Amino acid sequence: MSAAGSAPGARGSAPGTRGPALSVRDLRCDFADPPATALAGVTLAAAHGELVAVMGESGAGKSTLLRCVNGLVPSLAPATCSGEIVLGGMPVLGRPAGELAGHVAMVFQDFEAQLFSTNVRLEVAFGPGQLGVPAEEIARRVDAALRMVDLDAYESRDPSTLSGGQKQRLAIASILAMAPEVILLDEAATDLDPVGRRELYATLARLRRERMTLVAVEHEIDPIMGADRLYLMRRGEVVASGPPAELARDPALLLRCGVRPHDLSLLSERLGIELPLDVDAAVEELRRAGARQRTPESLAGVRVAARADGGRHHDTAGSARRPGSSAPPGSGGQPVLEVEKLTCTYGGGAPAVRDVSLRIGAGEMVALIGQNGSGKTTLAKHLNGLLRAERGTVRLDGADLRTVPLERAAQQVGYVFQNPDHQLFAATVRDEVAFGPRNFGLRGAVLEERVQGVLDAVELGALGDRDPFLLSKGERQRLAVATVLAMAPRVLILDEPTTGLDYPQQRRMLDLLVRLRAGGTTVIVITHSPWVVAEYAERALLMRAGEVVFDGPLVRLFGEEALLRSAAFEAPPVTRVGRAFGLAVRSVDELARVLVVEP
Amino acid sequence: MALSLYIDRPSVLHRRHPVAKVLAMVTLFVATFLLDHPAAIAPLTALVLFASAAAGALPNLWRLRWIVGPVFVFTLVIWTLFYPVPAGGAVARGEAFRFGFGMALKLETFLATGLLFLATTSVEEFAFALTRFGLPYRAGFVLTLAFRLVPVFLEAALTVVDAQRCRGLDFTRGRLHERIARYVPVIVPVFIGGLRRADQMAFALEVRGFSSGRVRTSLPRPRPGLGDWLLVVVSAALMVAYGALWAHGIGRIVPG
């Protein structure tokens with residue numbers, strides 16, 4: 001270990017020197033309230049220095065598994081557990097979490113809930129201080145941990161002023177200073193933007209080099225392709241385990257476990273050729289296998305689009321599914337929203353939105369993308385009047401939004417917040433949906449009809465009498481959309497509607513948006529997810545430092561590699577493979593239709 | 001949203017031991033409290049302002065100018081106008097003004113002293129000093145946590161308000177009881193969100209060893225040094241001196 005970057009107080013020995021760092025055998029866990037079997041005989045092992053990934057649908061038991069390992073279950077969340085958990089030779093099942101602190105540590109999804117101090121250095125010192133580590137040793141560990149996560153330049157900063165990625169790295173430093181043998185990560189990247197995720201994965205790569213044992217629960221398959229082993233869980237059981245590259249070759253298995261398959265494994269299946277799950281290697285393999293575009297005759301119905309750089313791309317995206325996908329911005333119909341030279345500055349700092357002008361037409365499906373802090377939410381809040389334009393104008397159907405009361409604007413331009421729990425309060429699902437239209441004067445049979453219609457549209461029709469807080473995250477997210485849809489808006493803005501959902505839930509949410517759009521609703525989605533943008537949007541607005549740096553059809557955006565890189569956004573793997581063959585594609589289906597492998 | 005008034009600077013006052021700073025603050029409060037005449041309080045005000053400038057704490061006074069300014073004006077006006085009239089006599093206008101001015105200076109000195117303390121002492125140091133005076137560790141920790149979390153909860157509450165306004169909730173319409181009832185859609189999500197977060201925090205605290213049962217330690221803290229003793233002795237001497245003036249009736253204004 002290098003002195004500068006070594007894990008503080010590391011106790012892990014070299015792999016294989018004293019058995020597995022973590023061994024779980026036939027772990028069962030039953031909760032009493034509400035009664036549920038969370039784990040039904042899980043077996044898992046992680047050797048010293050290994051990265052083990054756990055994936056599966058929501059409710060598969062992934063988080064419960066981690067919480068059993070660090071003692072939170074059953075000590076803080078009462079449950080009946082049986083089986084065996086051995087941590088570095090020490091049986092731990094049933095031991096209180098406080099007793100296991102220092103042996104096993106955990107990074108949570110919500111970075112705000114795991115930071116307690118008003119200063120980065122004190123935050124890192126908190127854990128070892130609770131364990132009674134001598135003062136001088138704490139200082140040494142704090143220095144080493146901060147260096148390890150590249151936060152040594154921030155040691156005097158207030159944690160609340162750090163970015164999401166930095167907060168998550170601080171959380172890692174805080175547990176590193178406790179010198180654990182095993183680190184558990186419970187969807188630690190879920191709430192981060194692409195930059196934050198990249199920072200987090202870089203930190204995890206460093207920890208692996210330092211031979212830390214890591215067990216990570218993840219929703220996306222791409223980041224864990226380098227893991228030593230992947231466990232796929234479903235309904236409390238491990239249904240498959242093995243090297244990620246091997247399991248990723250079985251898209252049907254992943255789908256069964258609620259995991260989105262890797263683009264390139266789907267492409268392999270479609271083309272009937274085994275491709276490496278890395279874009280460059282896959283392109284090389286395709287070339288070696290003689291892959292080429294189909295003949296023009298076989299491309300009947302596939303348009304050839306002019307590229308921004310003067311080259312030509314086969315734009316397959318036009319396909320029947322998305323008419324008018326390469327239409328110029330704002331031409332999706334009559335402009336509903338018009339923004340002119342909008343600039344917004346908070347508290348005298350740099351503008352959060354700078355000189356933005358755009359038009360959004362009726363019935364468009366627009367993706368608003370860019371890293372955290374780029375101004376997406378500020379711009380979106382101007383579009384429904386939550387924020388009033390100080391400089392520039394925002395018009396809804398030609399009327400300056402400054403002159404339209406928020407209630408009226410919000411009725412026309414619905415806004416679904418990222419966290420559904422920020423708006424749910426009623427005793428039943430039906431009351432929750434009725435709240436908005438009732439505020440606008442709807443009563444009686446008309447209201448009931450509207451509520452039922454909306455609930456049916458979001459596939460919650462049978463749950464009208466349920467308590468909203470007892471729904472799953474995916475159901476709550478769709479309920480949040482329903483509460484806004486009930487006001488019959490012409491434009492729907494959704495702030496990261498797929499965050500925290502598993503793949504089937506994401507698909508249901510996105511298919512709902514497609515149906516809404518087909519019914520004439522203009523949809524604007526704020527998202528960090530490249531595949532969501534690629535497969536569902538027609539037009540992209542890319543923001544960087546408050547400016548819209550790209551406004552146009554997706555096929556053109558994915559051709560602007562330097563621009564995407566500068567905004568920390570990356571096209572999905574299949575799009576990048578397509579580009580290597582001069583094709584502007586947005587999904588595996590599209591690429592498989594135009595690419596042929598003929599040795 | 002920054003709630004903390006701490007300003008991270010390497011000043012002489014920042015480097016003082018937190019216990020010494022708490023003692024100095026308390027003695028300054030007492031000294032300020034004892035006398036009423038502006039001429040007696042002004043040196044203390046000047047001392048605190050000078051220390052604030054030296055410690056780089058003046059921005060806090062500027063940040064809270066909307067409190068500091070009105071407090072001075074209102075105190076001066078109210079105490080000057082309502083200076084007690086002796087039975088059957090008239091009050092000299094100058095004396096009433098002196099008393100009002102003294103009270104205004106006194107309150108401003110209290111404020112400035114408190115702001116200076118908070119600008120030079122982090123919440124954790126403050127909590128540590130309180131534990132030295134016998135406050136249980138957990139109570140000190142709650143104080144720290146409040147400073148960290150109040151902005152987080154406020155932000156969540158503002159988001160909830162925005163979300164409900166987007167659903168047509170208007171807080172300005174109707175009678176009082178109707179307006180109060182309209183806060184239910186805000187209070188419930190904030191409360192439920194708070195409970196969820198508290199739950200997650202409890203988990204995170206346990207994982208960080210909060211209930212490990214071991215004797216707690218912390219980063220090395222410098223022991224009280226000559227500078228700390230000097231601070232305590234000088235401020236104590238100041239308090240004693242003002243006490244002596246008070247005992248001799250100097251610098252006091254007794255209304256009526």
Side-chain angles (χ1 to χ4, degrees), chain A residues 67 70 72 75-76 96-99 101-102 105-106 108 110 112-119 121-122 125-136 138-139 142 156 158 160 174-175 178 381 384 386 406-407 410-411 414-415 417 419 421-425 435-436 439-440 469 483-484 487, chain B residues 1-4 6 8 122-125 141 144-145 147-149 151-152 155-157 159-170 182 184-193 196-221:
Chain A
R67 287 169 186 194
N70 66 9
L72 289 174
S75 68
L76 251 72
E99 203 179 296
M106 189 159 174
F108 296 82
D110 182 354
E112 296 290 358
Q114 54 191 330
L115 304 177
F116 313 110
S117 305
T118 59
N119 165 304
R121 195 170 171 78
L122 292 172
F126 180 84
Q130 302 299 315
L131 299 179
V133 173
E136 286 69 26
I138 293 180
V142 169
S156 301
D158 179 343
S160 67
S174 305
I175 58 174
M178 297 170 74
K381 284 184 174 175
N384 85 330
L386 257 178
L406 171 65
E407 298 77 37
Q411 200 178 0
Y415 196 110
F417 284 72
N419 185 349
D421 299 335
H422 277 151
Q423 61 188 72
L424 304 184
F425 72 96
F435 177 73
N439 281 330
F440 294 115
F469 294 102
T483 61
V484 176
M487 297 184 292
Chain B
M1 189 193 312
L3 190 74
S4 170
Y6 180 68
D8 192 20
S122 70
V123 184
E124 281 88 352
E125 281 185 318
F141 178 73
T144 310
L145 208 53
F147 272 81
R148 163 92 184 86
L149 287 184
V152 174
E155 206 175 308
T159 307
V160 171
V161 168
D162 276 352
Q164 305 301 34
R165 285 176 68 209
C166 284
R167 295 168 74 192
L169 188 64
D170 183 353
R182 283 207 188 93
V184 171
V186 172
I187 292 165
V188 172
V190 170
F191 185 67
I192 299 278
R196 282 206 168 116
R197 177 148 281 169
D199 216 33
Q200 289 165 356
M201 284 203 128
F203 281 5
L205 274 172
E206 286 306 299
V207 170
R208 299 271 291 277
F210 195 68
S211 302
S212 71
R214 297 177 217 182
V215 177
R216 292 185 174 91
T217 51
S218 66
L219 280 168
R221 291 181 193 275

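Since the structure is predicted, the reported quantities are computational estimates derived from the model, not experimental observations. Naming convention: chains lettered A, B, ... in sequence-line order (proteins, then strands); numbering from 1 in each chain.
Only the backbone of Val215(B) comes within contact range of chain A, with heavy atoms under 4.5 Å apart. Of the two parts of Pro96(A), neither the backbone nor the side chain holds a non-hydrogen atom closer than 4.5 Å to a non-hydrogen atom of chain B. Of the atoms belonging to Leu169(B), heavy atoms from both backbone and side chain fall under 4.5 Å from chain A. Contacts between Ala202(B) and chain A at a heavy-atom distance below 4.5 Å involve backbone atoms as well as side-chain atoms. Of the two parts of Phe141(B), only the side chain, counted from C-beta on, holds a non-hydrogen atom closer than 4.5 Å to a non-hydrogen atom of chain A. Residue Arg121(A) touches chain B through both its backbone and its side chain, counting heavy-atom pairs closer than 4.5 Å. Proximity to chain B (any heavy atom under 4.5 Å) is shown, for Met106(A), by both the backbone and the side chain. Contact annotation for Phe116(A): both backbone and side-chain heavy atoms come within less than 4.5 Å of a heavy atom of chain B. For chain B, the nearby part of Glu99(A) is the backbone; its heavy atoms alone come within less than 4.5 Å. In this structure, chain B has heavy atoms under 4.5 Å from both the backbone and the side chain of Leu131(A). Heavy atoms closer than 4.5 Å to chain B are found in both the backbone and the side chain of Ser117(A).
When Thr483(A), Val484(A), Ile175(A) are compared by the number of non-hydrogen pairs under 4.5 Å with chain B, Thr483(A) comes out ahead. When Ala410(A), Ala135(A), Gly127(A) are compared by the number of non-hydrogen pairs under 4.5 Å with chain B, Ala135(A) comes out ahead. Most heavy-atom pairs under 4.5 Å with chain B: of the set Leu115(A), Asn384(A), Leu122(A), this distinction falls to Leu115(A). Annotation: maximal heavy-atom pairing with chain A below 4.5 Å, among Val160(B), Leu219(B), Val188(B), occurs at Leu219(B).
A donor-acceptor pair under 3.5 Å is absent between the side-chain atoms of Gln130(A) and the main chain of Arg216(B), judged by distance alone. When atom types are taken as modelled, the side chain of Thr217(B) and the backbone of Val133(A) share a donor-acceptor pair closer than 3.5 angstrom. Formation of a donor-acceptor pair under 3.5 Å by the Arg208(B) side chain with backbone atoms of Met178(A) is not found in this model.
Using a 4.5 Å cut-off on side-chain heavy atoms (C-beta onward), Leu424(A) and Pro189(B) make no contact. Looking only at side-chain heavy atoms (C-beta outward), Gln164(B) and Phe425(A) come within less than 4.5 Å of each other. Side-chain contact between Thr159(B) and Phe417(A) is present, with at least one heavy-atom pair separated by less than 4.5 Å.
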Checklist line | Derivation and outcome, side-chain contact (heavy atoms from CB on, under 4.5 Å), residues Asn119(A) and Ser122(B) | finding: CA-CA 9 Å; Asn119(A) 165 304; Ser122(B) 70; over 6 Å; no

Next item on the list: Carefully, step by step, assess Thr118(A) and Tyr6(B) under the rule side-chain contact (heavy atoms from CB on, under 4.5 Å).
Entry: CA-CA 10 Å; Thr118(A) 59; Tyr6(B) 180 68; over 6 Å; no

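Of all non-hydrogen atoms in Ala113(A) and Met201(B), the two that sit nearest each other are O-CG, 3.4 Å. Across every non-hydrogen atom of Cys166(B) and Tyr415(A), the tightest pair is SG-CB, 4.1 Å.
For the atom pair Leu205(B) CG and Phe126(A) CZ, the distance stands at 5.5 Å (nearest 0.5 Å). Residue Asp110(A) holds its CG atom at 13.0 Å from CZ of Phe203(B), rounded to the nearest 0.5 Å. Atoms CD1 and OG, on Ile138(A) and Ser218(B) in that order, are 6.0 Å from each other to the nearest 0.5 Å.
Within the structure, the salt bridge (Lys or Arg N to Asp or Glu O under 4.0 Å) test picks out the following pairs touching residues 159-169 of chain B (sequence neighbours left out): Lys381(A)-Asp162(B), Glu432(A)-Arg167(B), Asp162(B)-Arg165(B).
Shown here are the salt bridge (Lys or Arg N to Asp or Glu O under 4.0 Å) partners of Asp421(A), two or more places apart in sequence or in another chain: Arg476(A), Arg196(B).
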